Amino acid sequence: MKLLVQDTSRAKKAPLLVLFALEGKTPETPEGLELPAAFTKGFDGKARQTRETFTDNNSFPHVLMVGLGDGDKLDSEGLRRAAAVAIRAAKAREVSGVGYYVGSSVTELAGGEEDTGRDMAEGAFLGFHAFAGVKKETKKDALKGLTLWGAGAAFKRGAKKGEMLAAACCFTRNLQDASGNNMRPRDLAAQAKKLATRSPQVRFRVFDEKAMKTFGMGLLLSVSQGSDEGAKLIHLTYKPKKKAKGVITFVGKGLTFDAGGISIKPSSKMDEMRYDMSGGAAVIGLFHALGDMDVPYEVHGVVGASENVINGKATKPGDIHVGMNGTTVEIQNTDAEGRLLLADCLTYAQKKTKPDTLFDLATLTGAVIVGLGHEVTGIFPSNDGLRDTLLEAGERTGEYCWPLPLMDVHKEAMKSPVADLKNIGPGNLGAGSTQGAAFLSYFIDEGQEWCHLDIAGTAWNAGSRDWCGGTLGTGVGTRLLIEYLERR
Ligand code: BES
Ligand code: MN
Ligand code: ZN
């Protein structure tokens, strides 16, 4: 779908015209277009409410109204959702083009022209995307063009940015939605390699198991040893054109399938574990956006890609393995594999990239879904400034975050009688997501600024984000962390 951005005065013609109605108000219309009273009568403008009509007007034969809800409560997520609702309707009606008329009454309430342009485009492209799947016949979209009518250069700048951010997010979603046999560790690496060719500022490296052995990554390899697919360590680097203002490194959990290993998962919903690479996907997707931007930091993406399955060599409960930083771990539960893989990736990331700030993104625990559900990511920031920036970035992008505690009691609970650590805490401690973070904290250097993001709930199955994946992948993390980089 092609994007065209024009001034509101140029809104003259569209196969489908979309108007946005604030609650209790009739929507603004292009000059010369009168809406029949019967069409607007009784339309409340409640958020995501729609009504459409066919007209005698040759320029605008088909008009759709979309509600924005209470104008005083209008935020970027509200705009994004309305834009997505409209694009999904346009797609379903099989029109060739759609024009959104965004008048000043909306821009003023929605935080100005640039932000409104961005949210409209972002919502439309996020809502337009659908995972192609693997079918004999694929249906081509009739909808080829979106025109956004708004005011000024700022609106246009915002719209272009929204389109770019949505493209990065949809790239992440495509990686997520691929089935486990089509997105193996080597496929994830191939995708990252191909992505790096988009920009001369992005560099790709990959290490195989032999190289990881020389690094001493015994914890990561303890996860992959049960699989006939070799693990891959993916390392992407973005360098700014000018001297970098600092180094920021993102680590991603890239379990292309998590069967649990010998501590095997129940079969119900096990298919969902193809999404266990969502942290890695978000990190790779970040470089899709970075290639299109001018971020002043050196940025690294480190993704540990592996399967957690079972063969005769698989790690057994009770086995002890040694990490890249020398820490020994008693593996009591082979299904708590994400933390093992991340531990070595975090060590690698600190040793090789020396970041000012370090992040890791992982579908780490089922417990975070119990605590925060599918709409909020659990974060463990090492200081309040980092926490506040992430909360703000979450509000702006609709990828909401909430901080969870990490205390000395939790860290103590991860100690093993036979090794330095064990990979699960005592059953009666609870706080499963915090236990995961507590384990990871042993692999973070003293004084290192760090945040662990548990995206197990937000990465897919976000039913109320119907515009962004529905039950499929949401691409969570990519837009959030780009926003973080911009706010830093
Ligand atoms: N990938 C899972 C976490 C997960 C579970 C994500 C459900 C999304 C939905 C992770 O590797 C895992 O299995 N975690 C265990 C940890 C436990 C064994 C301490 C969990 O959460 O049950
Ligand atoms: Mn697991
Ligand atoms: Zn997992």
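Counting convention: from 1, in listed order, for ligands and their atoms alike. If you're wondering where the values come from, they're calculated on a predicted model, not measured in any experiment.
- Closest protein heavy atom to atom 16 (C) of ligand 1: Arg339 NH2, 3.9 Å.
- Annotation for ligand 1: atoms under 4.0 Å from non-hydrogen atoms of Lys265 are 2 (C), 12 (C), 13 (O).
- Counting atoms of ligand 1 from 1 in the listed order, those under 4.0 Å from a heavy atom of Asp335 are 10 (C), 11 (O), 12 (C), 13 (O), 14 (N).
- A distance-only check finds no donor-acceptor pair linking the side chain of Ser227 to the backbone of Val309 [under 3.5 Å].
- Within the listing of ligand 1, atoms 6 (C), 8 (C) sit less than 4.0 angstrom from a heavy atom of Ala456.
- In this structure, Lys91 satisfies the cation-pi test against Phe128, with its NZ or CZ atom closer than 6.0 Å to the six-membered ring centre and inside 45 degrees of the ring normal.
- When only non-hydrogen protein atoms are considered, atom 18 (C) of ligand 1 lies nearest to Asn333 ND2, 3.5 Å.
- Each of Ile234, Leu233, Leu236, Val283 was checked for a side-chain contact (heavy atoms from CB on, under 4.5 Å) with Val302, and the lone residue meeting it is Leu233.
- Of the protein's non-hydrogen atoms, Ala336 CB, 4.4 Å is the one closest to atom 17 (C) of ligand 1.
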Between Thr377 and Thr458, does a side-chain hydrogen bond (donor to acceptor under 3.5 Å, both in side chains) hold up when you go through it step by step? CA-CA 6 Å; Thr377 293; Thr458 47; 2.8 Å; yes
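- Annotation: Tyr297 is not in aromatic contact with Tyr238 [ring centroid separation under 6.0 Å not met].
- Between Tyr348 and Phe215, the ring center distance clears the sub-6.0 Å criterion.
- When only interatomic distances are considered, the shortest N/O to N/O separation between Asp258 and ligand 1 falls below 3.5 Å.
- By heavy-atom distance, the residue among Leu364, Ile455, Asn461, Asn423 lying nearest atom 14 (N) of ligand 1 is Leu364.
- Between Asp208 and Lys232 there is no salt bridge, since no side-chain N of the basic residue sits under 4.0 Å from a carboxylate O of the acidic one.
- The ligand atoms of ligand 1 that sit less than 4.0 angstrom from a heavy atom of Met273 are 1 (N), 4 (C), 5 (C), 6 (C), 7 (C), 8 (C), 9 (C).
- Taking only non-hydrogen atoms, the option from Ser263, Ala259, Gly366 nearest to atom 21 (O) of ligand 1 is Gly366.
- With the Mn ion (ligand 2) as the vertex, atom OD2 of Asp258 and atom OE1 of Glu337 span an angle of 100° (nearest 10 degrees).
- Put simply, Gly338 stays out of reach of the Zn ion (ligand 3), with no N, O or S atom under 2.8 Å from it.
- Within the 2.8 Å limit, Asp276 places at least one N, O or S atom next to the Zn ion (ligand 3).
- For ligand 1, the polar-atom distance check finds an N/O of Glu337 within less than 3.5 Å of one of the ligand's N/O atoms.
- Checked by distance only, ligand 1 and Asp276 come closer than 3.5 Å through their nitrogen or oxygen atoms.
- Checked for salt-bridge contact, Asp466 and Arg88 miss the test: no charged N lies under 4.0 Å from a carboxylate O.
- Among Leu255, Ile424, Leu341, the residue whose heavy atom lies closest to atom 19 (C) of ligand 1 is Ile424.
- At a threshold of 2.8 Å, the Mn ion (ligand 2) has a backbone or side-chain N, O or S atom of Asp335 nearer than that distance.
- Under 3.5 Å, the side chains of Asp344 and Thr347 contain no donor-acceptor pair of N or O atoms.
- Checking only distances, Lys253 does come within under 3.5 Å of ligand 1, N or O to N or O.
- Looking at Asp177 and Tyr275, their side chains do bring a donor and an acceptor atom within 3.5 Å of each other.
- A salt bridge between Arg479 and Glu483 is absent, with no side-chain N of the basic residue lying under 4.0 Å from a carboxylate O of the acidic one.
- A salt bridge links Asp276 with Lys253: the distance from a Lys NZ or Arg NE/NH1/NH2 to an Asp or Glu carboxylate oxygen falls below 4.0 Å.
- The name of the N, O or S atom in Asp258 nearest to the Zn ion (ligand 3) is OD2.
- Interface atoms of ligand 1 facing Ile369, defined by a heavy-atom separation under 4.0 Å, are 9 (C).
- Taking 4.0 Å as the cut-off, Trp460 counts as a neighbour of ligand 1 on heavy-atom distance.
- Note: angle at the Zn ion (ligand 3), from NZ of Lys253 to OE2 of Glu337, is 90° (rounded to 10 degrees).
- Between Ser382 and Glu449, the side chains place no donor N or O within less than 3.5 Å of an acceptor N or O (distance only, hydrogens not considered).
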